[in-house]
Every structure is written in C-alpha cells, then in structure tokens.
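Here the structure is laid out as structure tokens; the discussion comes afterwards.
A, B, ... follow the sequence lines: proteins, then strands. Residue 1 opens every chain.
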Amino acid sequence: MKERITDLLKRAPGPETVTAEGWVRTKRDSKTVCFLEMNDGSCLKGLQVVIDKATFADDASLTRITTGSAVVCRGPIVASAGGNQAVEMAATEVELVGEAPADTYPLQKKRHTIEYLREIAHLRPRTNIIGAVARVRNTMAYAVHQFFQERGFYYVNTPLITTSDAEGAGEMFQVTTLDLNNVPKTLDGQVDYNKDFFGKRAALTVSGQLEGETYAMALKNIYTFGPTFRAENSNTTRHLAEFWMIEPEMAFCDLYGDMEVAEGFLKYLFKQVLDKNAEDMEFFSNFVEKGVMETLRQVIESPFVHMTYTDAIKELEKFNDKFEYPAYWGCDLQSEHEKFLTEQICNSPVIVTDYPKEIKAFYMKLNDDGKTVRGMDVLAPRLGEIIGGSEREARLDVLTARLEELKLDPAAYWWYLDLRRFGSVPHAGFGLGFERAVRYVTGMQNIRDVIPFPRAVRQADF
RNA sequence: UCCUCUAUAGCUCAGUCGGUAGAGCAUGCGGCUGUUAACCGCAGGGUCGUAAGUUCGAGUCUUACUGGGGGAGCCA
C-alpha cells in the first residue's frame, strides 16, 4: 500500500522518490514554478507539490490540472522553502488521472456555505470541514466499540424490521410489499396484513432496546450500535429520520450504575477524539465552534452534575420570569429549561433523574413514591438531551399494571414480559444518538452535516 | 405541524427613497523568479425562486406557492 499524505507529511526530507495520490485543492502558478496542494482525506493539511516548469516540457497537461483533479505525483520529500509547511514534494513526475473541468466543478478553492455543500453531498467530503467531520465520526464509531469491548460488553445486532408496533418511541416507517395501488382488504374493509410479506404489519425499528434487553438477560452486558428510523415530522438541527444509535443494556444494574456508564462513555468518546484528531479539532475550535476543545477537556475532567427532576424544577422555578413556558412539577422540560439548566445553573452536563411517570415510557422502573420513575436524561450545554435511559421495571406485576394503565395490550408484549417471568433481575440501559454526540464534539450546528447522507422530512437524495 | 427569517451572476454577497443591476471570488485570455484562499491587468457572465397584485414604472411594496436557514413541539 502506498503512503497516505498524512504519512508523507511526517517524513524527514530525503532523496527517496515517493508517490502521492490525491485530489488537487488549489494550484498556484507563476512563470517558472507551479504549486499543487494535494489532499487525500487522510488529514486536514495537504501536501504541497512543487513543479519546476523548466523540467516539464508537457506544459499542456499541467494546464489541465485544476481544482478537483485527481493526480499522482512522484518525487522526493524536501524541506520547504515556503513558510507554511515543513516539507513538500519536489515533483519529478506528475500524472493527471482524472480531470475536473474548472467551469463545471461545483467546489471552488474558497469557502462555501454549509447549506450549499449539503446540496452536493456527493462532493462535500472533499472539503476541509466535511472531511474533518468524517474523520472524527470514524474515531467515535471505533471508540464506541472500544469502550464496550474493553468492559466486557457483547455487541448485539438487533433487528431493523419489527412487527411490535408499540415500541412507543416515535412514529414508524411502515415496511410492506403490498401493492399500494391495489391493497388487499379484509371483509370488514381493513388492510389485510395477512397478505403482506410478514403476515402482519411491519415497520422499521425506532429502538433496539426491547430486543437488547433479552440479550442482556442472558449475556449480562450488551450494546447495540446501528441505524434507527423515526418518521416524525420534525424539522430541526437535531433530528434525522435515519440515525445511528448506541444502546447498552446491563443486567444486575440499577440507575446509578447506568448513570456511571453513561458518563464514563461520553468522556471516553471525547477523550479519544482529542487524542486522535487534534488537527481536526483545532479546525473546529477555530472555525466552527470557538473553544470547543477546551469545553471537551472541561467535560472530561469534571464530574457531571446529578439532579433529580424535582430538584431541577425547584431550581428552574426561581427563574420562571425568564421562560416563555414557566417550569412546574409535572411539566416536561422544555428546550429553554434544558439550556438554562446546563448553561446557566450548572455550566456542565447534567444528569436529571426520577421524572414523573406521566412523561416517560412504560418500561421505566416505578419509584416507591408511585409518582416518579427511574429514568435519566443526560443534558449537555449547547445541545440539550444527548442520552436518554432508565432502570427498567423488573417486576412483572408492576410492569403489567403500567401497561394496562397506559391502555397498552400486555399480550402484545408477551415475550418482553417473559423476561420478568423467568429470572428477572434489576437492569438498566440508555440510548445515545450517535450524530448528536458527533455534533457536540465537532461543534457543528446542524445534525445533517455530521452524517454523510442525511435523511429527513422531504430529504433523501443521494 | 406551527412561528420566523430568507431567495439577486457558477459561489459569497451589496443594491439607499420604487426609476430596467454591482462587487469579490470562480471562469477565459494575458502578465508575474517560491506561491500559501498567491498576486496584477483585460474580458465574458443576470427572465433578480415561481405566480399574481399595487403602480406611469417593482430586485425593492402586498399576497400565495416553492426551496433554504433558525426557533418551537416530538425525541436520540
């Protein structure tokens, strides 16, 4: 394998001829010398290739090299006479592999708006900013596995297609092979799902949690990391219709253990990025979100604030005149409340626990007060909710009662309830939206720019 | 889904009080002894998102629609 540009840039000057493959970011020309800046995505910085025009008789091919062209350059790495780089390549050979006609190539050697880049999602990874996001995202994806594997968690692949239509975490995308122009009906006029592929109504998963719990009840500690689909009609900087979610589930674990893992997990991800992507993070810190590196360091070094929902409401009520929607016990925390809590009151990520049962899912463990449940949300400054989790209700009678209270059919959850019938233990877990974490780390404003090909309402191009 | 802002050259934007459009970059050509988003000169490039309306006259004012941004709700 040939060396990547990141490796070439680390070389000491020497006579050996090396090969650089990549795409031209910019070309600077004068009468006798031509400079190419090459990038191959291996790092933010490019390799400067110096071409002495006197030694290149074929001036025409040099002219055809433009921004975006694919080139292979050979020559020794030499100390640079210019000030902006330590080393550069003194080209002895320059091969134009793929042209990029300058009058039609959409990327220019100047700054583009992030919205414009979103319209050319197939070319935007060639930019500094999206390239940096891609590298950071890669580090974080790898770190997810590292973190859990180092701690003895097993990676479980939960299904993407589900027929349990009551996971309750959001609107679902229906999956069907029925002819929508000629839908089979039952005698009473309903859609006859018996004729559908799975023999019943199916949809894309909104969470792997329930299935994850089944494996936690056998392997003790497991995690999932896969795509998740929500058909919510939401148009925000923090929602996608298709996103990647990490969901660990731990048996013999209560809410406190859950919180500990969640906090350690986030800190581990952040630290990996700071260690491995210093150059990219400098870029984000300077041009995207001022001081984001320092923020991450602070988050890594200081413990998250822990607060019950009841205490959080007490704190927020003191500032009710500042809110559009006043806080009161029983209300769902608004975005403005979350922001105020993390940015003004705590200036730190906050884990809020023990929410009123009315605003949380059926599977969360009911506290002894009968009013609150053992749920937790990790709220981050600038971002809001980044993790949602809970200790699960492990008691069959209480869980069944909760289902009935919410008018859910216990029969539909028969296999989930079986986990409480046979060898039930306290267990807990959480879900981390991967893109939200990437967004937090990079400081990118819009979640659509931290996933290669965003899917959102009316957006599924490329 | 709601609120709000916005749409002018390939890109990023300016366009005053309503009087038929301008810059930088990009592109083409020329120049320049090592450049750093290179620089200098010249040139080409526009149905001002779409459709109506007000007006003698609309890029500019009004309405609707469409695309985009931000916020809210929902959530990860």
Report summary line: Smallest heavy-atom separation, A:P381 atom then A:P349 atom, equals CD-N, 3.9 Å
Requested in this report: For A:E213 and A:Y363, test the side chains for any donor-to-acceptor distance below 3.5 angstrom and give the result as yes or no.
Outcome: no
Query - Residue pair A:N367 / A:T372, side-chain donor-acceptor N/O under 3.5 Å - result: yes
Taking the minimum atom-to-atom distance to the side chain of [X], which one of [options] wins?
X	options	answer
A:Q48	B:A76, B:U1, B:G34	B:G34
A:Q85	B:C13, B:U36, B:A76	B:U36
A:E338	B:C75, B:U12, B:A38	B:C75

Counting any heavy atom closer than 4.0 Å, what does [X] reach on the DNA or RNA strands: base, sugar-phosphate only, or nothing?
X	result
A:R458	sugar-phosphate
A:A81	base
A:S234	base
A:G83	base
A:E247	nothing
A:D29	base
A:I246	nothing
A:R111	base
A:S335	sugar-phosphate

For residues 319-330 of chain A, which side-chain N or O atoms pair as donor and acceptor with protein atoms under 3.5 Å away, sequence neighbours left out?
unit_1	atom_1	unit_2	atom_2	d
A:N320	OD1	A:A327	N	2.6
A:N320	ND2	A:A327	O	3.1
A:W329	NE1	A:T310	OG1	3.0

Is [X] close enough to [N] that one of its side-chain N or O atoms is under 4.0 Å from OP1 or OP2 there?
X	N	value
A:S30	B:U33	no
A:K31	B:U35	no
A:R28	B:U35	no
A:N84	B:U35	no

Would you call [X] and [Y] a salt bridge, taking side-chain N to carboxylate O under 4.0 Å as the test?
X	Y	value
A:D377	A:K360	yes
A:D254	A:R374	no
A:E3	A:R11	yes
A:R402	A:E405	yes
A:D449	A:R124	yes

Query - Full working for side chain to side chain contact (heavy atoms under 4.5 Å, CB included) between A:F362 and A:L399 - result: CA-CA 8 Å; A:F362 72 90; A:L399 184 57; 4.0 Å; yes
Query raised in the report: How far apart are the C-alpha atoms of A:I65 and A:V94, what are their side-chain angles, what is the distance that settles it, and do they pass the side chain to side chain contact (heavy atoms under 4.5 Å, CB included) test?
Result: CA-CA 10 Å; A:I65 294 177; A:V94 176; 3.6 Å; yes
Query raised in the report: Where each residue is assigned the nucleotide of RNA chain B containing its nearest heavy atom, which of A:R118 and A:A79 is assigned the position nearer the 5′ end?
Result: A:A79
Nucleic acid contacts of [range], taken as heavy-atom distances under 4.0 Å to RNA chain B:
range	result
residues 235-242 of chain A	A:N235, A:T236, A:T237, A:R238, A:H239, A:L240
residues 427-438 of chain A	A:G431, A:G433, A:R436
residues 448-457 of chain A	none
residues 67-74 of chain A	none

Query raised in the report: Hey, does the side-chain of A:E37 have a donor or acceptor N/O within less than 3.5 Å of a partner on the base of B:U36?
Result: no
Query raised in the report: If you take atom types as modelled and just measure distance, does the side chain of A:E232 reach the base of B:G73 with a donor-acceptor pair under 3.5 Å?
Result: no
**Report entry** Side-chain touch A:T158/A:T205, heavy atoms, less than 4.5 angstrom
**Finding:** no
List the atom pairs, with distances to 0.1 Å, where a side-chain N or O of residues 139-148 of chain A and a protein N or O form a donor-acceptor pair under 3.5 Å, not counting sequence neighbours.
unit_1	atom_1	unit_2	atom_2	d
A:T139	OG1	A:R135	O	3.2
A:T139	OG1	A:N277	OD1	2.6
A:H145	ND1	A:Y223	OH	2.7

Which whole-number value in Å describes the distance from [X] [atom1] to [N] [atom2]?
X	N	atom1	atom2	result
A:R230	B:U1	CZ	C1'	19 Å
A:L44	B:A37	CG	P	13 Å
A:R126	B:C11	CZ	P	18 Å
A:N233	B:A72	CG	P	16 Å

Query raised in the report: Looking only at atom P, what distance separates B:G57 and B:G46, rounded to whole Å?
Result: 27 Å
Query - Residue pairs, two or more places apart or on separate chains, that pass side chain to side chain donor-acceptor pair (under 3.5 Å) and touch residues 88-99 of chain A - result: A:Q48-A:E88, A:R64-A:E99, A:R74-A:E93, A:S80-A:E88
Report task. For A:R137, check salt bridge (charged side-chain N to carboxylate O under 4.0 Å, His left out) against everything at least two apart and list the hits. Result -> A:E435
Query raised in the report: Within the side chain of A:E279, is there an N or O that forms a donor-acceptor pair under 3.5 Å with the backbone of A:K45?
Result: yes
**Report entry** A:E232 side-chain N/O to A:E171 backbone N/O, donor-acceptor pair under 3.5 Å
**Finding:** yes
Report summary line: Sorted by chain and residue number, the side-chain hydrogen bond (donor to acceptor under 3.5 Å, both in side chains) partners of A:N347 (sequence neighbours excluded) come out as none
Requested in this report: Quick one: classify the glycosidic conformation of B:U55 as syn or anti, with syn meaning within 90° of 0.
Outcome: anti
Extract all donor-acceptor atom pairs below 3.5 Å that involve side chains of residues 452-462 of chain A and protein atoms in other chains or at least two apart in sequence.
unit_1	atom_1	unit_2	atom_2	d
A:R455	NH1	A:D461	O	3.0
A:R455	NH2	A:F462	O	2.8
A:Q459	OE1	A:R448	NH1	3.0

Query - Enclosure of A:R382 CZ (heavy-atom neighbours >12, cutoff 6.0 Å) - result: yes
Query - Step-by-step side chain to side chain contact (heavy atoms under 4.5 Å, CB included) determination, A:F304 to A:M259 - result: CA-CA 10 Å; A:F304 290 7; A:M259 292 159 68; over 6 Å; no
I'd like a list of close polar pairs between nucleotides 4-10 of chain B and the protein, N/O only, cut-off under 3.5 Å.
unit_1	atom_1	unit_2	atom_2	d
B:G10	N2	A:Q108	OE1	2.9
B:G10	N2	A:Q108	NE2	3.1
B:G10	N3	A:Q108	NE2	3.3

Report summary line: Note on RNA chain B: ranges paired as stems (three or more Watson-Crick/G-U pairs in a row, both atom distances under 3.5 Å) are B:1-7 with B:66-72, B:10-13 with B:22-25, B:27-31 with B:39-43, B:49-53 with B:61-65
Report task. Identify whether a stacking contact exists between A:F35 and B:A38, where the ring centres must be under 5.5 Å apart and the planes under 30° apart. Result -> no
